[in-house]
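The block underneath contains the structure these notes are about, expressed in structure tokens.
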Amino acid sequence: HLAFCAEIGRVDSSIKVPTKVMPELMLPMLPLLDWMANRFQGAPRSMTRATIREFKGRDMSYDTTRIQTQLGWHPRPLQETIADTVQWLREKRP
């Protein structure tokens, strides 16, 4: 989602984030582009045809009411989570 990407940009303005949504028509091309990046640049594979089929058209939102009420779990604010993730990635990844 663009809102999530925008939040990453707010946390760290040095990170370039997407500003447009890719047309769904281009989704079948992603595995090929991913394969090419792997083959020619050594990038790890992450976007296979199976991945596209699994996530295409799915809503990735979940209701956490039950875990909050039964276990007393409360999620951290999104901006805090993103900031910690960006910091961790900067420390752990070259």
Side-chain angles (χ1 to χ4, degrees):
H1 291 121
L2 289 179
F4 183 77
C5 292
E7 192 61 40
I8 293 171
R10 279 192 284 281
V11 166
D12 186 338
S13 61
S14 70
I15 298 174
K16 291 184 180 182
V17 295
T19 57
K20 297 178 182 168
V21 175
M22 179 184 353
E24 194 169 314
L25 198 68
M26 293 181 68
L27 285 177
M29 293 175 54
L30 288 179
L32 173 63
L33 296 172
D34 183 66
W35 176 84
M36 290 172 60
N38 172 263
R39 174 91 167 132
F40 300 112
Q41 298 177 334
R45 293 291 313 266
S46 61
M47 196 57 61
T48 63
R49 281 184 255 160
T51 305
I52 298 293
R53 277 192 305 273
E54 183 179 350
F55 292 105
K56 183 179 177 185
R58 280 186 67 189
D59 178 15
M60 301 303 289
S61 301
Y62 299 93
D63 181 0
T64 61
T65 304
R66 186 172 170 205
I67 194 170
Q68 288 183 42
T69 56
Q70 292 184 359
L71 299 179
W73 175 79
H74 298 285
R76 298 186 310 158
L78 179 62
Q79 188 169 13
E80 179 184 319
T81 303
I82 290 173
D84 287 350
T85 302
V86 167
Q87 179 182 349
W88 184 89
L89 288 170
R90 290 202 186 281
E91 290 171 3
K92 302 294 181 190
R93 297 186 78 173

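Every heavy atom of this structure was used, including side-chain atoms; hydrogens, water molecules and symmetry mates were not.
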(request) Over all heavy atoms of both residues, which pair between Arg90 and Ser14 is shortest? Give the atoms and the distance, please. (result) NH2-OG, 3.2 Å

(message) Please give me the minimum heavy-atom distance between Arg45 and Trp35, naming the atom from each residue.
(response) NH1-CD1, 3.5 Å

(request) State plainly whether one hydrophobic cluster holds both Ile52 and Leu32, where clusters connect Ile, Leu, Val, Met, Phe, Trp and Tyr through side-chain heavy atoms under 4.5 angstrom apart. (result) no

Separation between [atom1] of [X] and [atom2] of [Y], rounded to the nearest 0.5 Å:
X: Gln79; Y: Thr81; atom1: CD; atom2: OG1; value: 10.0 Å
X: Asp12; Y: Thr85; atom1: CG; atom2: OG1; value: 12.5 Å
X: Phe4; Y: Ile82; atom1: CZ; atom2: CD1; value: 4.0 Å
X: Thr64; Y: His74; atom1: OG1; atom2: NE2; value: 9.5 Å

Look only at the side chain of [X] and the backbone of [Y], and say whether a donor-acceptor pair between them is shorter than 3.5 Å.
X: Thr51; Y: Met47; value: no
X: Asn38; Y: Ala43; value: yes
X: Asp34; Y: Ser46; value: yes
X: Ser13; Y: Gly9; value: no

(request) Check whether more than 12 heavy atoms from other residues, nucleotides or ligands sit under 6.0 Å from atom CZ of Arg49, and answer yes or no. (result) no

(request) Tell me, yes or no, whether the heavy-atom count around Arg39 atom CZ, taken from other residues, nucleotides or ligands under 6.0 Å, exceeds 12. (result) no

Counting only pairs under 3.5 Å, give me each side-chain donor-acceptor contact of residues 24-31, with atom names and distances, residues two or more places apart or in other chains.
none

